[in-house]
Protein chains: 2
Amino acid sequence: MTDAALLYKIAKAYYEDGLTQDQIGKRFGLSRIKVSRLLQQARQSRVVQITITPPPDSFGDLERELEATYGLDEVIVISTPGYAQSEVVPRLGAAGAAYLARILGDQQVLDLSWGTTLLALIDALAPQNLPDLRVVQMLGGLGRLESETYGADLTIRMAQTLGARMRLLPAPGIVSSKIVRDALLEDANIAETLALAARADLAVVGIGAPAPGSVVMQAGILSEQELAELKAMGAVGDIALRFFDENGRPIAHPINDRIIGLDLEQIKRIPRVVGVAGGEGKYEVIRGAVRGRLVNVLITDEITAARLLEEKEPARALQLQA
Amino acid sequence: MTDAALLYKIAKAYYEDGLTQDQIGKRFGLSRIKVSRLLQQARQSRVVQITITPPPDSFGDLERELEATYGLDEVIVISTPGYAQSEVVPRLGAAGAAYLARILGDQQVLDLSWGTTLLALIDALAPQNLPDLRVVQMLGGLGRLESETYGADLTIRMAQTLGARMRLLPAPGIVSSKIVRDALLEDANIAETLALAARADLAVVGIGAPAPGSVVMQAGILSEQELAELKAMGAVGDIALRFFDENGRPIAHPINDRIIGLDLEQIKRIPRVVGVAGGEGKYEVIRGAVRGRLVNVLITDEITAARLLEEKEPARALQLQA
DNA sequence: TTCAATATCGTTCATATGAACAAACAAGGA
DNA sequence: TCCTTGTTTGTTCATATGAACGATATTGAA
């Protein structure tokens, strides 16, 4: 038998009056540990109810369910007026910037890949002063070798905005052959940058879903044929040009040997990988990324988030194929 | 600006998932101390609501208000069918017994005074086995010297029920003169018992309101004239035959020199004095006892309790007279 | 700009807390 | 009756927590 009136008194004294369990014990003639146990009981028996009010216009529970379902550290869901990339991307950028502002401490190494979403993120970033932070380009440049490239540009802008140091990867993201790649990797500067990138505390990456006509194709990074091959091998998209299937498993395609940048295994070893992606056409690749634990933090839109919850189970049948 | 969505997530993680502040910090990229402060904020801003449900048919809030108003460690209020002593006393006894069962540890010294309420308490007491507990008679016996007396009887019964040792005070509670009292106090046995009683951890006392026809008068302990004198001096009642006024101040009457038992100063020094009293005619004396901090724990009926809250203020004007 | 005032932040430290263990105990069955 | 089993109880200990402090950044005013 438990004395409900006593539970009430003790709970009031603890939660409302802020007395310590020891003080309560002395006052009511109980051992400290007994007070502790009675409080446990009070919580279990719902004498003490702890209610947490969700803020309006937020997706707290959706986020929490996604975190639990996919084992993510954090999911941030944003609301969007529509599902088109043009509507989603700026908001993803803003949310990503807010997230970064929250977690960025000094004395960190931050890897950056590239993509339109990350560009939006940097646009939304408020200036800071983090002199001991290093922003590292984790993937070679895009476009032509001789020009200021896309990837380097993002890294430079982010480092400037954050008042941080930077470390560039002076190489193309993708080269013509394994031989060229291996030669470039001999370069001390490139090798050191990649080594540093592999030791990063934090990486901010886009999640790509290449399609004919998308940025990756327009820039001529990938040929139509390569894309077709990758898709035939089960690829749903990429992170930092590393393609993976719908369960996040790497695709073994010769293109991998021509990329200068971290591979998926190295990326997975980074303690916190923040994936920022959403909008039309991204669902499958995002699902692959979270299933494969390629990212720890996901920032996405509400429609994608809802779809991710609807079909939670990894597609076991298709794993055989990968 | 505070991120309400973040407060929500952190509060959920802490209160529902039971994560530690440190774990939450690591997961969400915050310092442990920041999580602590955000949680504080969440409580303050009512994002986290802690509700404590009062048990049905109890007087939790009434008790708490009385505790706060009079600085008591604990107040226990019982419901009664009526206000007459006959209806109230058995329930007070049961409540007192339950209270004692809760706080009684071994290795304690428990003082006992006497009265019908304490008799009811002992009747309601469940047998226990507390070999290192000592029950001490804190006030001499009543009735005639040669007979087994009331006070000793209570002490004996309580010690037996609790499986405890006992220490009796082999003397009348009130004698004919100071000379006789002083002579009895020379007795080593009596002196030792009183010394032990003064060092008690716990005392259980009734709170008396003598009136013509009440037990104290019937037993011839007090004469009509003495009672009249005491009342004229402002007495509202007594604890263990020590009379006090409506603010709990001792009444300086010659009768004090004829009593064998602890005085009010000694009683106040006992860490925990449990006063058990209620019903008709007891309001003023109980109010005096709590105003004067003569008891730390009060067990009483709901009507008395409600009256005690109505008129909280010590009667300052009358303190001059005492 | 410079300064002062204020707020924010992390570190240190004493304290509060619950988990794991162990002892004592009660209940129930053979 | 004794023994087993489960319950309650306190002790020890590692951990979690918040208060106090000092450092740092930020804001507003001159």
Side-chain angles (χ1 to χ4, degrees), chain A residues 1-4 6-7 10-45 47-48 50 98-108 125-133 161-164 201, chain B residues 1-4 6-7 10-45 47-48 50 98-108 125-133 161-164 201:
Chain A
M1 167 248 164
T2 356
D3 186 348
L6 184 61
L7 285 192
I10 287 175
K12 280 269 186 181
Y14 189 75
Y15 287 106
E16 291 197 353
D17 304 343
L19 301 183
T20 70
Q21 299 183 357
D22 205 37
Q23 288 172 314
I24 294 171
K26 290 226 170 60
R27 178 159 159 192
F28 293 107
L30 302 162
S31 71
R32 202 221 81 210
I33 198 69
K34 196 157 188 178
V35 175
S36 177
R37 282 169 181 151
L38 287 171
L39 285 171
Q40 281 186 323
Q41 219 182 304
R43 272 165 294 189
Q44 277 190 341
S45 65
V47 170
V48 172
I50 299 182
Y99 175 77
L100 267 195
R102 192 180 88 203
I103 67 155
L104 268 186
D106 219 334
Q107 302 189 332
Q108 277 183 321
L125 213 49
Q128 295 192 53
N129 183 30
L130 303 167
D132 291 333
L133 175 71
T161 306
L162 294 178
D201 308 289
Chain B
M1 170 243 165
T2 357
D3 186 348
L6 185 60
L7 285 191
I10 288 176
K12 280 271 185 178
Y14 188 74
Y15 287 106
E16 292 197 353
D17 304 343
L19 301 183
T20 70
Q21 299 183 355
D22 206 37
Q23 289 172 315
I24 296 171
K26 290 226 170 61
R27 178 159 159 189
F28 293 107
L30 302 162
S31 71
R32 204 221 80 211
I33 197 69
K34 196 158 188 177
V35 174
S36 178
R37 281 170 181 151
L38 286 172
L39 284 171
Q40 282 186 322
Q41 218 182 306
R43 273 165 299 200
Q44 277 189 342
S45 65
V47 170
V48 171
I50 300 182
Y99 176 78
L100 268 195
R102 192 181 85 203
I103 68 153
L104 268 185
D106 218 335
Q107 303 189 329
Q108 279 183 318
L125 214 50
Q128 296 192 55
N129 183 30
L130 302 167
D132 291 332
L133 175 71
T161 305
L162 294 179
D201 307 290

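Labels below follow one simple rule: chain letters A, B, ... track the order of the sequence lines, proteins then strands, and each chain is numbered from 1.
- Within the 3.5 Å criterion, the main-chain N or O of B:F28 finds a donor-acceptor partner in the side chain of A:R102.
- Of all the heavy atoms in B:N129 and B:G163, the pair that sits closest is OD1-O, 4.0 Å.
- Summarising the geometry, the separation between CD on A:Q128 and C1' on D:dT26 is reported as 13 Å, rounded to the nearest angstrom.
- In this structure, the CZ atom of B:R102 is 18 Å from the P atom of D:dT8, given to the nearest Å.
- Taking every heavy atom of both residues into account, A:L19 and A:Y14 meet most closely at O-CD1, 3.4 Å.
- Taking atom CG of A:L104 as the reference point, atom P of D:dA25 lies 16 Å away to the nearest angstrom.
- Counting only heavy atoms from C-beta on, B:R32 has its side chain closest to D:dT17 among D:dT17, D:dG10, C:dG10.
- Summarising the geometry, atom CD belonging to B:Q108 is positioned 6.5 Å from atom CD1 belonging to B:I103; distances are rounded to the nearest 0.5 Å.
- B:Y15 has its side chain within reach of B:R43: a pair of non-hydrogen atoms, C-beta onward, lies under 4.5 Å apart.
- For the helix from C:dT1-D:dA30 to C:dA30-D:dT1, the terminal axes (five pairs an end, C1' atoms, rotation from four pairs onto the next four) enclose an angle of 30°, given to 10 degrees.
- Not a single donor-acceptor pair under 3.5 Å links the side chain of B:R37 to the backbone N or O of B:I33.
- In this structure, B:I24 and B:L38 have side chains that are not in contact, with every pair of non-hydrogen atoms separated by 4.5 Å or more.
- Between B:L39 and B:V48, every side-chain heavy-atom pair lies at or beyond the 4.5 Å cut-off.
- Of the side-chain N and O atoms in B:Y14, none sit less than 4.0 angstrom from OP1 or OP2 of D:dA16.
- When the side-chain nitrogen and oxygen atoms of A:Q40 are compared with OP1 and OP2 of C:dA19, one or more of them lie within a distance under 4.0 Å.
- Along DNA chain C, the nucleotide closest to A:S36 and the one closest to B:N129 are compared, and the more 5′ of them pairs with A:S36.
- Listed in residue order, the members of residues 15-29 of chain A having a heavy atom less than 4.0 Å from DNA chain C are A:T20, A:Q21.
- Closest approach of B:S36 and B:Q21 over heavy atoms only: CB-OE1, 3.2 Å.
- Between the CD atom of A:Q41 and the P atom of C:dG18 there is a distance of 14 Å, given to the nearest Å.
- Checking A:K34 against B:R37, the closest nucleotide of DNA chain D that is more toward the 5' end is the one next to A:K34.
- Spacing between atom CD1 of A:I33 and atom P of C:dA22 amounts to 16 Å, rounded to whole angstrom units.
- When rounded to the nearest whole Å, the span between CG of A:L39 and C1' of C:dG18 equals 12 Å.
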